[in-house]
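Here is the structure we will look at, set down as structure tokens.
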Number of protein chains: 4
Amino acid sequence: MTTQRKPPSPAPRRNEASRRAILTAAFALVQEVGYAKLSIEGIAARAGVGKQTIYRWWPSKGAVLFDAFLMLSEQPGSGDSALPDTGDLEADLKAVLRATIEELNDPRYDEPMRALNTEITHDPALAALYAERLDGPMRELKKGRLRSAQRAGQLAGDLDLDVAVDLIWGPLLNRWLQRTGALTPGYADSVVETALNGLRPRP
Amino acid sequence: MTTQRKPPSPAPRRNEASRRAILTAAFALVQEVGYAKLSIEGIAARAGVGKQTIYRWWPSKGAVLFDAFLMLSEQPGSGDSALPDTGDLEADLKAVLRATIEELNDPRYDEPMRALNTEITHDPALAALYAERLDGPMRELKKGRLRSAQRAGQLAGDLDLDVAVDLIWGPLLNRWLQRTGALTPGYADSVVETALNGLRPRP
Amino acid sequence: MTTQRKPPSPAPRRNEASRRAILTAAFALVQEVGYAKLSIEGIAARAGVGKQTIYRWWPSKGAVLFDAFLMLSEQPGSGDSALPDTGDLEADLKAVLRATIEELNDPRYDEPMRALNTEITHDPALAALYAERLDGPMRELKKGRLRSAQRAGQLAGDLDLDVAVDLIWGPLLNRWLQRTGALTPGYADSVVETALNGLRPRP
Amino acid sequence: MTTQRKPPSPAPRRNEASRRAILTAAFALVQEVGYAKLSIEGIAARAGVGKQTIYRWWPSKGAVLFDAFLMLSEQPGSGDSALPDTGDLEADLKAVLRATIEELNDPRYDEPMRALNTEITHDPALAALYAERLDGPMRELKKGRLRSAQRAGQLAGDLDLDVAVDLIWGPLLNRWLQRTGALTPGYADSVVETALNGLRPRP
DNA sequence: CGTTAACCGAGACGGTACGTCACGTCTTAAA
DNA sequence: TTTAAGACGTGACGTACCGTCTCGGTTAACG
């Protein structure tokens with residue numbers, strides 16, 4: 001995306017102001033008009049930019065959206081820090097999931113995030129970028145917290161942390177994307193408890 | 001969908017052949033050209049049908065797609081039957097998940113299902129219909145199998161079966177939709193085992 | 001143009017109102033903004049019509065312009081009648097040429113006619129149509145008047161009437177198109193006299 | 001054109017090689033792609049020149065084209081010499097007109113000349129320049145030949161030589177521009193004869 | 001058992017957006 | 001300071017579909 005072409009020596013004299021305006025406009029528009037009505041033409045108009053300036057630097061609408069998220073995620077204080085680690089894994093996870101739910105329910109992020117997910121699901125290249133730049137770092141944080149718990153003996157020693165992450169966050173995201181049910185704090189708690197204890201009866 | 005208008009008394013004289021042609025064409029097209037390039041004009045052309053015939057009976061492209069899936073699901077032997085119940089819950093779940101994975105990896109179903117999910121995530125009305133007609137029945141089957149295991153003491157007595165279903169199928173679907181990783185039989189097994197035993201160490 | 005496609009049986013159900021609006025708009029616009037800034041987009045907007053409606057029925061901007069002239073020329077009293085024939089050839093020709101000059105100098109027709117000539121000079125297909133539908137009939141009228149004079153012994157018996165027409169009207173049109181000089185009534189008279197008498201001294 | 005800005009004292013340090021490359025490219029391109037598709041970008045690319053270099057020195061596409069013709073006309077042996085004067089006016093004129101026809105029919109000059117005419121017809125400023133630098137000198141040559149004939153008593157004494165020139169060359173150019181008919185040697189002869197003798201019967 | 005109203009295919013229509021091309025202006029780095 | 005290079009805001013291109021609207025032709029229920 002951001003690095004679509006890497007010229008041998010002369011850096012592409014790219015207008016940073018236009019770039020930011022485009023990404024900001026894209027994010028604002030998708031939350032206002034929704035994914036289906038998001039258009040490159042609209043983004044360009046809102047950003048006060050020529051369409052060609054978008055086509056010059058991004059290969060698709062989804063790529064713009066992706067970079068918009070990237071820009072957001074790179075703002076200071078947006079989550080580069082680690083997850084809470086009070087020693088109480090269950091409480092920490094519940095807190096994080098409740099926060100996630102709040103974000104997913106926030107109308108400012110709901111539509112944009114659905115849009116991003118839609119683009120990813122239909123564009124493997126974008127998905128790879130997503131895995132590398134957005135999901136990857138976040139997943140590392142999650143796994144970091146779990147590893148800490150594992151070291152403390154609170155998680156099974158042979159646990160596959162990737163599966164563990166999926167088990168905790170997967171149900172949530174799936175319910176959100178498929179609108180299978182409401183995302184409530186209670187649901188978050190329930191998922192955490194069940195995931196930690198497993199479906200089988202504990203002796 | 002199918003029942004968009006309720007005629008006073010005379011049943012709407014609807015051409016069943018056209019209806020089937022439209023749904024078949026929609027399903028075929030979405031798997032051929034992908035979600036982004038699926039168009040009502042294209043469906044109409046492929047089905048040998050006037051555009052108006054589509055607009056007359058369906059409110060949106062997503063609704064057509066939904067009905068296409070509905071038609072498929074109502075064909076005999078497409079899953080109305082119960083899930084396998086050999087008494088060995090873990091084995092049964094692994095088998096079902098492996099089958100699911102195979103379907104998701106099948107190029108004939110991959111694109112159409114992603115398309116359906118996209119429509120659902122952006123259209124609450126469609127999502128409600130989905131919950132009622134497609135996901136609901138399937139979820140009942142899943143819960144049925146789990147209930148049977150619960151009765152046999154293989155699952156915790158106070159287990160929320162909806163959460164349980166999410167815990168088992170959510171990770172899979174989420175990985176598929178977000179393309180976070182490959183869907184392999186090993187992954188299916190891993191998810192089932194981890195869900196059943198939980199993340200915590202068993203004594 | 002007007003007859004771009006001739007379907008076997010079902011006449012193309014074409015919107016006559018749109019057609020007239022397009023032609024009227026095209027003619028009005030070319031005289032307002034000039035040939036260089038005449039755009040299909042502009043015509044469509046002015047006519048209150050979708051662009052596709054223009055592209056559906058005309059292959060080029062020039063074709064629209066041509067049909068606009070055709071429409072004008074087919075209005076009653078626009079010249080289907082014969083040229084004046086008072087018996088005095090010289091006077092009649094001078095009158096006609098003076099009228100022509102007045103039209104060419106009329107700002108309402110100047111730009112549109114230059115535009116039409118430009119299209120014709122760069123598009124042989126359009127030129128053929130022009131020869132058949134616009135120039136041809138007019139040329140017949142001119143030749144008719146000359147033939148009448150020829151019969152009266154006022155013109156050489158072996159005169160090639162096509163060359164004669166060119167000799168009378170060619171200088172005028174050429175001076176107008178190339179802007180080689182002003183088009184004045186005196187110039188018209190001069191051309192007529194010189195053409196009739198020839199360059200050589202009369203005995 | 002060439003002298004768009006008048007520098008206070010130091011002559012504009014203008015790259016002559018670029019200038020020639022631009023004019024050559026313009027002429028070559030217009031004959032290859034035609035007037036409609038001739039673009040400044042294309043000329044710059046073909047000439048290996050920055051766009052700004054064109055905009056700095058020429059106000060319009062037509063001006064470039066005009067200068068391209070000017071460059072051609074200033075090459076040695078391109079017609080600064082007088083018209084043939086064998087004493088036989090009719091033969092001389094026929095020879096000249098036949099040569100003109102050959103040039104107009106030459107695909108290397110057809111498109112460029114049509115393009116130049118188009119620019120002139122839509123741009124009075126360019127037309128004035130044309131009258132002064134290209135058409136003017138040529139017209140003087142023509143009038144020179146006619147004056148010589150007039151002195152010899154072969155042309156009417158009171159003949160307006162400008163009208164005479166128009167009468168001889170106008171029909172030809174008009175037929176060419178409007179594509180009213182083919183330009184053949186026979187047509188050239190016919191025009192010359194008719195112009196010399198006039199339309200009226202000679203006693 | 002004909003009438004008639006709805007449905008059907010076809011596709012024209014006013015629109016919106018697409019992705020591309022060229023415009024004329026501008027900025028940059030090298031000569 | 002000019003130049004080659006090319007990014008930029010602008011606007012038109014010609015195309016694809018949108019959802020609405022006729023148009024004849026067919027078809028099934030009613031009168």
Side-chain angles (χ1 to χ4, degrees), chain A residues 7 9-15 17-19 36-45 47-57 59-61, chain B residues 7 9-15 17-19 21 36-45 47-57 59-61, chain C residues 7 9-15 17-19 21 36-45 47-57 59-61, chain D residues 7 10 12-15 17-18 21 36-45 47-57 59-61:
Chain A
S9 47
R13 293 192 281 50
R14 180 169 181 178
N15 188 330
S18 291
R19 185 180 156 273
K37 296 197 172 175
L38 179 66
S39 68
I40 299 246
E41 200 130 322
I43 296 171
V49 135
K51 277 197 291 178
Q52 200 60 48
T53 300
I54 299 184
Y55 285 109
R56 189 156 27 229
W57 302 108
S60 71
K61 196 167 63 177
Chain B
S9 48
R13 296 194 288 86
R14 180 170 182 177
N15 188 331
S18 290
R19 184 180 158 273
K37 296 196 173 176
L38 180 65
S39 69
I40 299 238
E41 297 230 346
I43 296 172
V49 136
K51 281 199 291 176
Q52 199 60 273
T53 303
I54 298 184
Y55 284 108
R56 187 157 25 229
W57 302 109
S60 72
K61 194 167 65 177
Chain C
S9 45
R13 293 194 279 43
R14 180 170 180 178
N15 188 331
S18 291
R19 185 181 156 272
K37 296 197 173 177
L38 179 65
S39 68
I40 299 245
E41 199 129 322
I43 296 171
V49 136
K51 278 198 289 179
Q52 200 60 48
T53 301
I54 299 184
Y55 285 108
R56 185 152 34 225
W57 302 108
S60 72
K61 195 166 65 177
Chain D
R13 298 199 285 90
R14 180 170 181 179
N15 188 330
S18 290
K37 295 196 174 176
L38 179 66
S39 69
I40 299 237
E41 298 231 347
I43 296 171
V49 136
K51 282 198 292 175
Q52 198 58 281
T53 303
I54 299 184
Y55 284 109
R56 186 151 34 226
W57 301 107
S60 72
K61 194 167 63 177

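Chain letters run A, B, ... following the sequence lines, proteins first and then strands; every chain starts at 1.
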Q: Check every atom of dC18(F), dT15(F), dC8(F) against the side chain of Lys51(B) and return the nucleotide holding the closest atom.
A: dC18(F)
Q.
Counting the atoms with a prime plus P, OP1 and OP2 as sugar-phosphate, which does Gly48(A) contact under 4.0 Å by heavy atoms, base, sugar-phosphate, or nothing?
A. sugar-phosphate
Q. How long is the gap from CD1 on Ile43(B) to CD1 on Ile54(B), to the nearest 0.5 Å?
A. 5.5 Å
Q | Residue met sooner reading DNA chain F from 5', once Gly42(C) and Lys61(B) are mapped to nucleotides | A | Gly42(C)
Q: Quickly work out the Ile54(B) CD1 to dA10(E) C1' distance and round it to whole Å.
A: 13 Å
Q) Does Thr53(C) make a side-chain N or O approach to OP1 or OP2 of dG14(E) shorter than 4.0 Å? A) yes
Q. What is the distance from OH of Tyr55(D) to P of dA5(F), rounded to the nearest Å?
A. 16 Å
Q) Rounded to the Å, how far apart are Ile43(B) CD1 and dA16(F) P? A) 18 Å
Q) Is there a donor-acceptor pair under 3.5 Å between the side chain of Lys61(D) and the backbone N or O of Ile40(D)? A) no
Q.
Rounded to whole Å, how long is the line connecting atom CG of Leu38(C) with atom C1' of dC13(F)?
A. 13 Å
Q: Between Gln52(B) and Lys37(A), just flag the one whose closest nucleotide in DNA chain E comes earlier from the 5' side.
A: Gln52(B)
Q) OP1 or OP2 of dC13(E) sitting under 4.0 Å from any side-chain N/O of Trp57(C)? A) yes
Q) OP1 or OP2 of dA7(F) less than 4.0 angstrom from a side-chain nitrogen or oxygen of Ser18(A), does that happen here? A) no
(Q) Rounded to whole Å, how long is the line connecting atom CD of Glu41(C) with atom C1' of dA12(F)? (A) 5 Å
Q.
Can you identify which nucleotide, out of dT2(F), dC23(F), dC18(F), has its nearest atom closest to the Arg56(D) side chain?
A. dT2(F)
**Q.** Cation-aromatic face contact Arg19(A)/Trp57(A), 6.0 Å, 45 degrees
**A.** no
Q. Where is the tightest heavy-atom contact between Ser39(A) and Gly42(A), given as atom of each residue plus distance?
A. OG-N, 2.9 Å
**Q.** Atom pair distance, as rounded to whole Å: CG in Asn15(D) and C1' in dT3(F)
**A.** 8 Å
